[in-house]
Participant: 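Here it is, the structure, as structure tokens.
Just so you know, these numbers use all the heavy atoms, side chains as well, and skip hydrogens, waters and symmetry mates. A note on names: the letters A, B, ... follow the listed sequences, proteins ahead of strands, and every chain is numbered from 1.
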Protein chains: 2
Amino acid sequence: MQTFSPTEENYIKAIYHLSKGKETVATNAIAEAMETTAASVTDMLRKLNDKQIIDYTKYKGVSLTTEGRIIATQLVRKHRLWEVFLKEKLGFAWDKVHDIAEQLEHIRSEELTERLDGFLGNPKFDPHGDPIPDAKGRIHTQNYKLLSEVSEGEQVVVVGVKDSSAKFLNYLDSQKIALGSKVQMEQKVEFDNSVKVKIGDTNTMISDMAASLILVM
Amino acid sequence: MQTFSPTEENYIKAIYHLSKGKETVATNAIAEAMETTAASVTDMLRKLNDKQIIDYTKYKGVSLTTEGRIIATQLVRKHRLWEVFLKEKLGFAWDKVHDIAEQLEHIRSEELTERLDGFLGNPKFDPHGDPIPDAKGRIHTQNYKLLSEVSEGEQVVVVGVKDSSAKFLNYLDSQKIALGSKVQMEQKVEFDNSVKVKIGDTNTMISDMAASLILVM
DNA sequence: GCACTATATTAGTTGATTCAAAAAAGCAAA
DNA sequence: TTTGCTTTTTTGAATCAACTAATATAGTGC
């Protein structure tokens, strides 16, 4: 299996992020994002094209190949998992985690990534609220919604949280809310957007703040 | 503050480890340790000498300067802290942690190191039993001894453990042994090397296996 | 001083990354 | 379809880190 230098990986990531929405990414767009010149980018594009990471046609922009997309999502996965670790476990402020994660994402060890994921409780979102791809590179944002968005009468299952601090997890514990819990939306209070839900046989009030951090489907 | 490439850092670490006991380290010794040629080493020595990391006199071998020694111990500190993390938190086997720590030790962030240290409970030893330098680079091996080495009648204070797995820490908890606990050695049993100690007002039997993992002074 | 070993120097290679300047391609309006 | 403009590519080269083979020199034990 071929490996990539940190610089190559950063190019791959940049192309991935710039691809959002667009079919192809322009050379100049990459140059701007990487704070370098178009000439350097063209150089790297030829290299990544040879390695079959991108589909590159001169003057026509680039797109990631399937393999390129896998590499990119794995980088994003690692980056965001490390961000969760830095914030939730080491207590870094959420705005300080990015730069260190930028270094940590280049550590090469699949086993490390998977063990870290498990250790963190398979988080679905990083401290900035961005979704974390799973080991296969899938991001399932669209399937999820927030508990605060569920309609009255609807029954849903808890699949994740956007905040995995000890404080919030303890709160969930005390309310008997866990991953996999079946939750029935009983009533939505207009006044403060809090919600009344039924979990098992008991009714519980949950504030809007908490309900906006609980992911369900 | 000047920074160093991973390769430079590896040279510094090698010189540090080869300095054990000796006054100076020979070029060839470094070449062998780094699996390279003496010529490459000489190159790097000149470079590190210019950066004031080592004292280098041609044909006379090298030694680390004070600054070099600080950098080396910080690298060792980071390496061993990450090893503890990988083993105790992520559940890696002790013989698998070295290679990944070899990568992680090059991550640049003092705050990361100090927060990691705190998160791990300021461990004094890595999974191989090697001592972890503190933030100031000090290694206090000589002050410590194992509980199993204490003489009858002696009173000591618990300052660390060599195994910080949940299993062992739970055991210590149940025996009311914590960091800072005063322990009086009552009796050493010759048959199985277990020890009888007094903690507060209560007497407890501790097996040789456990007593050999508890650091006291 | 001789022979041997350790070390240093020289001169050059490789690979990664970058860039300035010039050329080419694409594009769109006249 | 020509012109003018923008974008992109190519060219040619520079830099840097790391390394090495071959050669020269220093140190050391006898």
Participant: With a 4.0 Å cutoff (strictly under), does any side-chain N or O of A:Lys47 reach OP1 or OP2 of C:dT17?
Facilitator: yes

Participant: Would you mind reading off the distance between A:Glu8 atom CD and C:dA16 atom C1', rounded to a whole angstrom?
Facilitator: 9 Å

Participant: In terms of relative ring orientation, are A:Trp82 and B:Phe85 parallel, tilted or perpendicular, with 30° and 60° separating the classes?
Facilitator: tilted

Participant: Salt-bridged, A:Lys13 to A:Glu102, with N to O below 4.0 Å?
Facilitator: yes

Participant: Taking DNA chain C as the partner, which of residues 18-44 of chain A come within under 4.0 angstrom of it by heavy atom?
Facilitator: A:Thr36, A:Thr37, A:Ala39, A:Ser40, A:Asp43, A:Met44

Participant: Do any side-chain nitrogens or oxygens of A:Tyr59 fall under 4.0 Å of OP1 or OP2 in C:dA23?
Facilitator: no

Participant: Does the side chain of B:Met34 reach to within under 4.5 Å of the side chain of B:Val41, using non-hydrogen atoms?
Facilitator: no

Participant: Only counting residues at least two apart or in another chain, list the ones meeting side chain to side chain donor-acceptor pair (under 3.5 Å) with B:His128.
Facilitator: B:Glu83

Participant: Whole-Å distance between C:dT7 C1' and B:Lys60 NZ?
Facilitator: 12 Å

Participant: Taking 4.0 Å as the cut-off, does a side-chain nitrogen or oxygen of A:Tyr11 come that near to OP1 or OP2 on C:dT17?
Facilitator: no

Participant: Base, sugar-phosphate alone, or nothing: which one does A:Tyr56 contact when heavy atoms must sit under 4.0 Å apart?
Facilitator: sugar-phosphate

Participant: On the nucleotide C:dA16, are OP1 or OP2 found under 4.0 Å from the side-chain N or O atoms that A:Ser5 carries?
Facilitator: no

Participant: Can you sort out the partners of B:Lys60 under salt bridge (charged side-chain N to carboxylate O under 4.0 Å, His left out), two or more places apart, ordered by chain and number?
Facilitator: none

Participant: Can you sort out the partners of A:Thr36 under side chain to side chain donor-acceptor pair (under 3.5 Å), two or more places apart, ordered by chain and number?
Facilitator: A:Ser40

Participant: Rounded to whole Å, how long is the line connecting atom CD of A:Gln2 with atom P of C:dG15?
Facilitator: 16 Å

Participant: Crowded around A:Gln52 CD? As in, over 12 foreign heavy atoms under 6.0 Å?
Facilitator: no

Participant: Taking only Lys NZ, Arg NE, NH1 and NH2, and the carboxylate oxygens of Asp or Glu, determine whether B:Lys78 and B:Glu9 approach each other closer than 4.0 Å.
Facilitator: no

Participant: So where does chain A start and stop touching DNA chain D, 5' to 3', when the test is distance under 4.0 Å to a non-hydrogen atom?
Facilitator: D:dT7 to D:dT10

Participant: For A:Asp43, check salt bridge (charged side-chain N to carboxylate O under 4.0 Å, His left out) against everything at least two apart and list the hits.
Facilitator: A:Arg46

Participant: Once you round it to whole Å, what is the distance between P of C:dA16 and CG of A:Asn10?
Facilitator: 16 Å

Participant: Between A:Lys58 and C:dA24, is there a contact of a side-chain N or O with OP1 or OP2 at under 4.0 Å?
Facilitator: no

